[in-house]
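Read through the structure below, which is laid out as structure tokens, and then see the notes.
Note that these values count all heavy atoms, side chains included, but never hydrogens, waters or copies made by symmetry.
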Amino acid sequence: MDLITGIIFLILFIIIMVFAFSMGLLSPYIGRKEIVSIVLIGFVLGAIGGYFFIYPIYEENPYVIGNTQGLFTMDSEVINLNIPSTSNISDITNDIKNLKGVNSVTTNGFELETGFIRNETKVYVEDYLRSDPEIESFKVTNSSVSVDLKNDASSTTTLGSLVNWLSNKAGVGSEFAYVHIKVSVNANDVSDVRDYIKENGYTIISIEGPVQDTIHYLNDHLLPNYVIMFITGLVGVAVAIAGVFVEPLTKFTRKFKKNKQEKRKRRYRR
């Protein structure tokens with residue numbers, strides 16, 4: 001939700017509260033016995049306004065707070081994504097590097113989907129991967145091989161060597177592969193970079209960092225919408241009751257001022 005939409009939603013909720021207040025103002029004309037109905041209407045109006053206008057704003061609070069945190073702390077976030085190995089990895093990483101707010105782009109591994117790998121062949125594959133000094137960690141299943149590299153090494157080179165070795169030495173065919181890309185981004189530019197990545201059809205695996213931790217924490221602790229509806233319903237009740245007591249309060253104020261003026265006149269006469 002953008003700022004303008006949030007302001008519009010807030011204005012609409014205020015308009016609903018004005019209507020609840022107006023219902024309270026009508027109490028002298030519809031009878032004091034109907035105050036219960038006015039209070040009930042105030043609660044319903046507040047709850048409806050809370051559901052349609054306040055809760056959507058409330059849902060955005062984690063992102064607003066997270067972006068504010070990024071603005072003042074200058075934190076960096078990491079976007080992890082997968083790019084098909086058949087793509088021009090070099091061109092893609094260069095394009096992402098040139099985006100505003102991107103600090104670095106590294107290729108830190110890949111995931112290869114393979115034909116069936118028998119259990120005895122898995123041991124053979126693991127021994128091969130363990131002997132490669134560029135590989136930090138790996139995981140071999142019956143249908144895939146995942147590799148994490150130690151440094152910003154050439155993932156495509158390591159992937160190509162593995163594909164050839166699997167075919168020639170292990171008798172395992174390769175189907176398709178994704179290269180893991182790690183993008184370090186200024187926290188306030190994450191949304192723009194994320195949108196660019198999605199528009200180009202790349203798969204985002206995760207977004208990590210202090211700001212994202214804050215957003216995830218706040219999202220996990222958001223109040224349910226029915227609680228927000230109950231709270232805004234009580235606000236509607238308070239506004240409706242305020243409308244009910246406006247006229248008596250106005251009469252009391254006028255009478256008080258009138259009595260005060262009469263007392264002053266009596267003093268002057270003396």
Side-chain angles (χ1 to χ4, degrees), residues 1-4 60 62-114 128-140 144-166 174-219:
M1 179 186 297
D2 55 36
L3 179 61
I4 295 177
E60 294 294 317
Y63 302 97
V64 173
I65 295 172
N67 290 334
T68 303
Q69 174 186 335
L71 180 64
F72 286 100
T73 62
M74 300 302 291
D75 287 326
S76 292
E77 305 289 289
V78 174
I79 301 177
N80 297 301
L81 61 145
N82 279 347
I83 295 178
S85 61
T86 53
S87 305
N88 191 320
I89 305 299
S90 178
D91 287 348
I92 292 172
T93 54
N94 286 332
D95 289 342
I96 295 176
K97 282 180 183 177
N98 291 327
L99 294 176
K100 178 179 175 292
V102 173
N103 300 318
S104 65
V105 181
T106 58
T107 57
N108 61 328
F110 57 84
E111 182 172 346
L112 173 65
E113 296 295 324
T114 68
Y128 169 80
L129 296 173
R130 197 174 290 113
S131 66
D132 191 328
E134 294 290 347
I135 296 177
E136 180 178 15
S137 62
F138 57 83
K139 181 180 179 181
V140 181
S144 67
V145 178
S146 298
V147 171
D148 291 324
L149 301 175
K150 292 181 180 178
N151 303 304
D152 184 20
S154 176
S155 296
T156 53
T157 300
T158 306
L159 173 60
S161 298
L162 176 60
V163 169
N164 289 331
W165 184 89
L166 286 172
S174 301
E175 297 181 1
F176 60 90
Y178 290 103
V179 175
H180 298 321
I181 305 292
K182 181 180 290 186
V183 183
S184 175
V185 189
N186 293 336
N188 290 318
D189 296 305
V190 166
S191 59
D192 292 336
V193 176
R194 180 189 60 207
D195 292 342
Y196 172 85
I197 292 171
K198 288 183 176 180
E199 287 171 3
N200 283 273
Y202 307 134
T203 303
I204 295 178
I205 302 301
S206 64
I207 302 178
E208 304 170 349
V211 171
Q212 294 302 313
D213 291 341
T214 298
I215 292 174
H216 292 322
Y217 176 82
L218 294 175
N219 274 326

Exam field: side chain N98 to backbone N94, donor-acceptor pair closer than 3.5 Å
yes

Atom CG in L162, atom OG1 in T157: separation rounded to 0.5 Å?
12.5 Å

Minimum heavy-atom separation for P62 and I215, please, with both atom names.
O-CG1, 3.4 Å

Where do I92 and V105 land on the side-chain contact (heavy atoms from CB on, under 4.5 Å) test, with the steps shown first?
CA-CA 10 Å; I92 292 172; V105 181; over 6 Å; no

Decide yes or no for T156 and F110: does some side-chain heavy atom of the first lie under 4.5 Å from some side-chain heavy atom of the second?
no

Taking Q212 for its side chain and E77 for its backbone only, find out whether a donor-acceptor pair lies under 3.5 Å.
no

As an exercise, state the distance from CD of E175 to CD of E113, rounded to the nearest 0.5 Å.
7.0 Å

Any side-chain heavy atom of I135 sitting closer than 4.5 Å to one from L149?
yes

What are the two closest non-hydrogen atoms of E111 and S146, and how far apart are they?
CG-OG, 3.6 Å

Determine whether L112 and L166 satisfy the following criterion, side-chain contact (heavy atoms from CB on, under 4.5 Å), listing intermediate values before the conclusion.
CA-CA 11 Å; L112 173 65; L166 286 172; 3.6 Å; yes

With a 3.5 Å cut-off and sequence neighbours excluded, list the donor-acceptor pairs that the side chains of residues 179-201 form with protein atoms.
| from | atom 1 | to | atom 2 | distance (Å) |
| --- | --- | --- | --- | --- |
| H180 | ND1 | N82 | OD1 | 2.6 |
| N186 | OD1 | N103 | ND2 | 3.2 |
| D189 | OD1 | K100 | NZ | 3.0 |
| N200 | ND2 | Y196 | O | 2.7 |

Output for pair (S137 OG, K150 NZ), nearest 0.5 Å, gives 10.5 Å

OG1 (T93) and CG (N88) are apart, to the nearest 0.5 Å, by 8.0 Å

Distance (rounded to the nearest 0.5 Å) between T203 OG1 and N80 CG:
12.5 Å

Within the 4.5 Å heavy-atom criterion, are Y178 and S85 side-chain neighbours or not?
no

Looking at CG of L129 and CZ of F138, how far apart are the two atoms once the value is rounded to the nearest 0.5 Å?
5.5 Å

